[in-house]
Amino acid sequence: MSVNINNLNKNIGENNSQYAYRVLKDNIMNLTLSPGQVINENELIDILKISRTPIREAVFKLKDEALIDVYPQKASFVSLIDLNRVEEAFFLRKIVETEVLKLCCESCETEYLKKLEKNIYLQEIVVNIEEDKSAFFLLDNEFHSIIYDSVNKSRVWTTIKTFSTHYDRLRYLDIIEKINLINLLNQHKEIVKIIKEKDISKVESILLSHLTNFRGELPSFMEKYGDFFRK
């Protein structure tokens, strides 16, 4: 593996298995551990300062989420981005989020609108000021999470995030390449406008555009990051 791993501070109340899982998943999702990279247990033991058992528990949990491929008696690798899984996640999000956003249009309370507006304000700072755009990915996720929370569907969002690991790595790649940031920001603003105006007729079209921004860049991603994708 031979790579630096970020976010190594252990959270309060976190056991070693939870710690290993969180650190590995965060670093896979932000591409610090890149698709196809070997997961070396001995190096993880040295880096995380924990025993082999919680690391293996984390690896097998991530295997269940299709983020690590485990080959017994051989090696484990960060899974390559599978475009079939990307499309399945898009399909799920489009259907579910359309209904969630419609519900939000009907019943969104002021406190959630304020949270969305604050989130967009922070997105603008990242887009216009910060050189490192990776924070935008977290703000983007938070933006959609607020919408799900506003209609009491936070557990649905959690399920979608677990299912969308390949889709989200492609989204992250799109963000760090800084290609669609302005589009994403403007679409978030439009979503808030739709919620405020309770304009359900515009929900499907804005979400279709918003959830597929990366598609136009796939050929260039495949050319530049070909080793990241499952053939």
Side-chain angles (χ1 to χ4, degrees), residues 3-12 22-35 81 86 89-90 93 97 100-101 104 108-150 154 157-158 160-161 164-197 199 202-203 205-225 228:
V3 69
N4 292 326
I5 291 183
N6 301 319
N7 305 323
L8 286 172
N9 291 332
K10 196 170 183 181
N11 293 335
I12 295 173
R22 177 182 58 78
V23 170
L24 280 173
K25 184 169 185 177
D26 284 353
N27 282 272
I28 291 171
M29 295 306 299
N30 65 27
L31 305 178
T32 300
L33 294 175
S34 58
I81 297 173
V86 171
F90 159 71
R93 278 198 65 172
E97 200 145 334
V100 167
L101 187 51
C104 187
C108 189
E109 297 178 0
T110 302
E111 65 172 297
Y112 290 102
L113 280 170
K114 288 181 177 179
K115 288 179 180 180
L116 290 171
E117 289 172 339
K118 179 181 178 181
N119 179 279
I120 286 177
Y121 172 76
L122 295 174
Q123 289 179 38
E124 288 184 311
I125 292 174
V126 173
V127 169
N128 296 315
I129 298 175
E130 295 184 15
E131 181 61 27
D132 180 5
K133 308 300 184 186
S134 59
F136 190 94
F137 181 76
L138 299 177
L139 289 167
D140 190 344
N141 284 338
E142 182 185 73
F143 179 86
H144 292 275
S145 176
I146 292 167
I147 293 173
Y148 281 75
D149 287 346
S150 74
S154 57
W157 175 248
T158 299
I160 285 175
K161 295 305 293 175
S164 300
T165 51
H166 288 246
Y167 174 83
D168 283 346
R169 283 189 293 169
L170 189 52
R171 282 180 50 232
Y172 190 87
L173 193 59
D174 185 50
I175 285 171
I176 62 175
E177 286 291 305
K178 307 176 186 178
I179 295 169
N180 284 306
L181 285 174
I182 298 300
N183 275 346
L184 289 166
L185 175 60
N186 288 337
Q187 287 163 356
H188 286 154
K189 290 179 179 178
E190 178 65 18
I191 288 170
V192 172
K193 182 172 182 286
I194 287 169
I195 293 170
K196 285 181 174 179
E197 295 177 354
D199 194 349
K202 294 181 179 177
V203 165
S205 61
I206 187 63
L207 282 178
L208 180 61
S209 298
H210 186 59
L211 297 175
T212 58
N213 279 298
F214 64 86
R215 278 185 172 170
E217 309 305 325
L218 263 179
S220 63
F221 291 161
M222 296 290 286
E223 181 177 353
K224 185 173 181 180
Y225 300 99
F228 283 11

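Computed from a predicted model, the values in this text were never measured in an experiment. When reading the values below, keep in mind they use all heavy atoms of this one structure, side chains included, and skip hydrogens, waters and symmetry mates.
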**Study point:** Residues which pass side-chain hydrogen bond (donor to acceptor under 3.5 Å, both in side chains) with Ser34, listed by chain and number, not counting sequence neighbours
**Key:** Gln37
Is there side-chain contact between [X] and [Y], with heavy atoms separated by less than 4.5 Å?
X	Y	result
Gln123	Asp140	no
His210	Glu97	no
Asn213	Gln187	yes
Glu217	Met222	no
Ile176	Asn30	no
Val203	Ile191	no
Leu31	Tyr225	no
Lys196	Glu117	yes

For the atom pair [atom1] ([X]) and [atom2] ([Y]), what is the distance rounded to the nearest 0.5 Å?
X	Y	atom1	atom2	answer
Asp174	Asp168	CG	CG	12.0 Å
Asp26	Arg22	CG	CZ	6.0 Å
Ile195	Leu101	CD1	CG	5.0 Å
Leu211	Ile206	CG	CD1	9.5 Å
Glu109	Cys104	CD	SG	10.0 Å
Thr165	Lys25	OG1	NZ	7.0 Å

Heavy-atom neighbours of [X] [atom1] exceed 12 at 6.0 Å:
X	atom1	value
Glu223	CD	no
Lys133	NZ	yes
Glu197	CD	yes

Study note, to complete from the structure: For Phe221 and Ile179 the tightest heavy-atom approach is CE2-CD1, 3.8 Å
Revision key, fill the gap. On a heavy-atom basis, the closest approach of Val126 and Asp132 is CG1-O, 4.2 Å
Review point. Just by modelled atom types, is the Ser205 backbone N or O under 3.5 Å from a matching donor or acceptor in the Ser209 side chain?
Key: yes
Review point. Do any N or O atoms from the side chain of Thr158 and from the backbone of Ser154 form a donor-acceptor pair under 3.5 angstrom?
Key: yes
Check your understanding: side-chain contact (heavy atoms from CB on, under 4.5 Å) between Glu124 and Lys189: does it pass, once the steps are laid out?
Key -> CA-CA 10 Å; Glu124 288 184 311; Lys189 290 179 179 178; 2.6 Å; yes
Review point. Going through the distances and angles, do Asn141 and Arg171 end up as a side chain to side chain donor-acceptor pair (under 3.5 Å)?
Key: CA-CA 10 Å; Asn141 284 338; Arg171 282 180 50 232; 3.1 Å; yes
Practice item. Please collect all salt bridge (Lys or Arg N to Asp or Glu O under 4.0 Å) contacts where either partner lies in residues 178-188, sequence neighbours excluded, each pair once. Key: Glu131-Lys178
Review point. So, Asn186 and Glu190: side-chain donor and acceptor under 3.5 Å apart, yes or no?
Key: no
Check your understanding: How far apart are the C-alpha atoms of Ser134 and Tyr172, what are their side-chain angles, what is the distance that settles it, and do they pass the side-chain contact (heavy atoms from CB on, under 4.5 Å) test?
Key -> CA-CA 8 Å; Ser134 59; Tyr172 190 87; 3.1 Å; yes
Any salt bridge linking [X] with [Y]? Criterion: basic side-chain nitrogen under 4.0 Å from a carboxylate oxygen.
X	Y	value
Glu142	Lys118	no
Lys115	Asp149	no
Lys202	Asp199	yes

Point to revise | Over-ring placement of Arg169 relative to Phe228, 6.0 Å and 45° cut-offs | key: no
Exercise for review: Could you check Val192 against Phe143 for side-chain contact (heavy atoms from CB on, under 4.5 Å), going step by step and ending with a plain yes or no?
Suggested key: CA-CA 10 Å; Val192 172; Phe143 179 86; 3.8 Å; yes
Review point. Do the rings of Phe136 and His188 sit parallel, tilted or perpendicular, given the 30° and 60° boundaries?
Key: parallel
Check your understanding: Would Trp157 and Ser145 count as a side-chain contact (heavy atoms from CB on, under 4.5 Å) if you check the C-alpha gap in whole Å, the side-chain angles of each, and the deciding distance to 0.1 Å?
Key -> CA-CA 7 Å; Trp157 175 248; Ser145 176; 3.5 Å; yes
